[in-house]
Amino acid sequence: MSLAVRPERSWYLPFGHLAPDGELAAGEPPRNLPPLSSPALAPLRALLADPQVPKAGHNVNYDWLVLRRHGVELAGVVYDSMLASFVLDPARRSHGLAELARERLEIEMQTYASVVGRGPGGRGGRGEQPFAEVPVAVAARYCCASSEVVLRLRDAFRPELEDHQLFRLLDTIEVPLIPVLVDMEWHGVLVDREVLGQISRQFARELGELEQAIYRAAGTDFNINSTPQLRHILFEKLQLPALKKTKTGASTDFEVLEQLAALGHEVPRLLIEYRELAKLKSTYVDALPGYVNPATGRIHTSFNQAGAATGRLSSSEPNLQNIPVRTPRGEAIRRAFVAAPGWRLLTADYSQIELRLLAHLSGDPAFLHAFAEGGDIHRQTAAIIFGVSQDEVTPDMRARAKTINFATIYGQGPFALSRQLGITQEEATEFIKQYFTRFQGVRAWLDRTVAQARDQGYVETLFGRRRYVPQLKDKNFNIRAFGERTATNSPLQGSAADLIKLAMIGIDRALRERGLATRMLLQVHDELVFEVPESEQEDATGLVKSHMESAATLRVPLVVSIGVGRNWVDAKG
DNA sequence: CTGCTTTTT
DNA sequence: ATTGTAAAAAGCAGA
């Protein structure tokens, strides 16, 4: 039996194609399907009638969750066409089955829309019938075709996966990660709606006051959220200088408003605060409660496994990887993420993982030594580039060192660095030069990596995850410069993604083996969030820390900082 | 519906 | 001739 529950599937569930040992068996799709009215198929009828509307976009683990809601646990899954496509070329626009079939097999697949008889009006539009009411012969044909395509794609991908040595990545990281993500989404995270409600009322008050103050200062009412209207007020009515341009006109972004405010203008000063409040209120405070599942009382995000070109995960509906924390108001929102009664949140953060990977990959002696010593890496960097002892490093020196460390990871040039540090471009150029005379191994690695990317067309991570960088061949300087940043940043960001994925798989297995109730809830790129019974605090802390720190053996130690608390803020530090 | 702008991680 | 990785989401403007 094979079964499709969603259009544009990455893989279709080839039950009939899974041999007992978990190996996929090739062959004809099953022909004589029982009628859907057969009592044996009651769970499948329920499944097909699942009111859950397929979400926009693709997600590898969607089917696992739908099946689990109906009591069907998947096991022995060894392959996923979406992930195969993702490791072959993570930057491609889509890893959807129909597109892959078109490109790799020259097969034009029947669309889901035509199967459900969807007319104009799109999803749920006129003429659409629930999948459960599609005649079984039609559905079977469609589903079996999909299963068949997944299997044929597996053969089509195999030589390239072997040639590029990507099976290890696929088989030891990406495929084993699927059930871990399924569990995380299944558990969901608890938010305190009371807290969000209070914040909402508070923000509404402040927003109302700011709105009036802005109208007063501007001398007129207007739609503050409309960029064109705001441009008119700032740059025409108030005659403020346009400091930066976008494609369509004068920019009104934070940087511009900040500079205008520094010139002593009231409106931009108020706008900065208005923007912060408006953003936090609409995107988080007021939106998050709508994502609470009535059945579980928790928020179940989607972790998208084939989304980010570097190999990172992404999170959507809602995005729980960009919950505010930077400002006091942001922190208040994060405090609404809580543990259930009797439980605690545990957060585990990789310390400076990308800089450590830079040290490892470049082998730069100064960086290796600094990390071996332990301590504050930005302070150590400052001591090295300013030629003073660590005790003599001032807060300003440390801040500059921190900025240039990040600038290096991001491939930033003198222009951007000068703006960020508030120095001239010449000073920034000099500063960067100084930095690289002290860290020559880093300079050499950056150059080597770009050159390699130019030669072979791609860069790769610790675990062989590739990213192609065709921009390096572009005749446009800016596109090439972008390509260089991609080439140097992707191995760092992507290797960090490999490491945390590996740690997640190990932690998930260890928690099961030890029979602990602790569960992984969230991943935020270099951080994992768990919900832990009070009684398991010590066990979980040790287990998580040791698995994360030993995810790989590098030329520098991997260090993980762990905290426990009743909410996400208190669990940090 | 798509593109632009902004914000957060 | 510009100059910071990777993302998701929200509000708005203009089709």
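Chain naming here is simple, since letters A, B, ... match the order of the sequence lines and numbering starts at 1 in each.
- Rounding to whole angstrom units, CZ of residue F406(A) and P of dT9(B) are separated by 13 Å.
- Atom CG in L257(A) sits roughly 12 Å away from atom C1' in dT5(B) (whole-Å rounding).
- Here salt bridge (Lys or Arg N to Asp or Glu O under 4.0 Å) pairs that include residues 475-496 of chain A, with residues two or more places apart or in two chains, are R454(A)-E484(A).
- In terms of position along DNA chain C, the nucleotide closest to F482(A) lies nearer the 5' end than the nucleotide closest to the other residue of the pair F482(A) and N223(A).
- D349(A) and S561(A) share no side-chain donor-acceptor pair at under 3.5 Å.
- A309(A) comes within 4.0 angstrom of the backbone, heavy atoms only, and of no base.
- No engagement by T488(A) is indicated, since no non-hydrogen atom pair under 4.0 Å with the nucleic acid exists.
- Between F477(A) and Y291(A), it is F477(A) whose nearest contact on DNA chain C lies nearer the 5' terminus.
- Using a 4.0 Å heavy-atom distance criterion, Q229(A) is classed as a sugar-phosphate-only contact.
- The strand DNA chain B forms stems, runs of 3 or more Watson-Crick or G-U wobble pairs with distances below 3.5 Å, at B:1-9 with C:6-14.
- Between I224(A) and I233(A) the shortest side-chain heavy-atom distance does not fall below 4.5 Å.
- No salt bridge links E331(A) with R334(A); every basic N to acidic carboxylate O contact stays at or beyond 4.0 Å.
- Contact annotation: the side chain of K402(A) approaches that of R398(A) to within less than 4.5 Å [non-hydrogen atoms, C-beta and beyond].
- Counting heavy atoms from C-beta on, the side chains of V267(A) and L270(A) never come closer than 4.5 Å.
- Ring-plane geometry between F439(A) and Y435(A) is classed as tilted, the angle between the planes lying from 30 to 60 degrees on a 0 to 90 degree scale.
- Distance R312(A) CZ to dT8(B) C1': 13 Å, rounded to the nearest Å.
- Here dT8(B) presents its P atom at 7 Å from CD of E276(A), a figure rounded to the nearest Å.
- Taking atom P in both dT2(C) and dT5(B), one finds a spacing of 15 Å when rounded to whole Å.
- A distance below 6.0 Å separates the ring centres of F406(A) and H378(A).
- Across dT6(B) and dA1(C), the matching P atoms stand 24 Å from one another, rounded to whole Å.
- Atom-to-atom, NZ of K279(A) to P of dT8(B) comes out at 7 Å; the value is rounded to the nearest Å.
- Contact annotation for R329(A): no contact, since no heavy-atom pair falls under 4.0 Å across all strands.
- Looking at heavy-atom distances under 4.0 Å, A308(A) makes contact with sugar-phosphate atoms alone, never a base.
- For R566(A), the CZ atom counts as loosely surrounded, since its 6.0 Å shell holds 12 or fewer non-hydrogen atoms of other residues, nucleotides or ligands.
- Following rounding to the nearest Å, L234(A) (CG) and dT5(B) (P) show an atom-to-atom distance of 15 Å.
- Atom-to-atom, CG of D253(A) to C1' of dT7(B) comes out at 11 Å; the value is rounded to the nearest Å.
- Residue R467(A) is classed as a sugar-phosphate contact, given heavy-atom separations below 4.0 Å to backbone atoms only.
- Scanning DNA chain C 5' to 3' for nucleotides with an atom closer than 4.0 angstrom to a non-hydrogen atom of chain A gives a first and last hit of dA1(C) to dA13(C).
- Across all strands, T252(A) comes closer than 4.0 Å only to sugar-phosphate atoms, never to a base (heavy-atom distances).
- Residue Y284(A) contributes atom OH, which lies 7 Å from atom P of dT8(B) at whole-angstrom precision.
- Counting any heavy atom pair closer than 4.0 Å across all strands shown, I323(A) reaches sugar-phosphate atoms only and no base atom.
- What you find for Y350(A) and A551(A) is that their closest heavy atoms are OH-CB, 3.7 Å.
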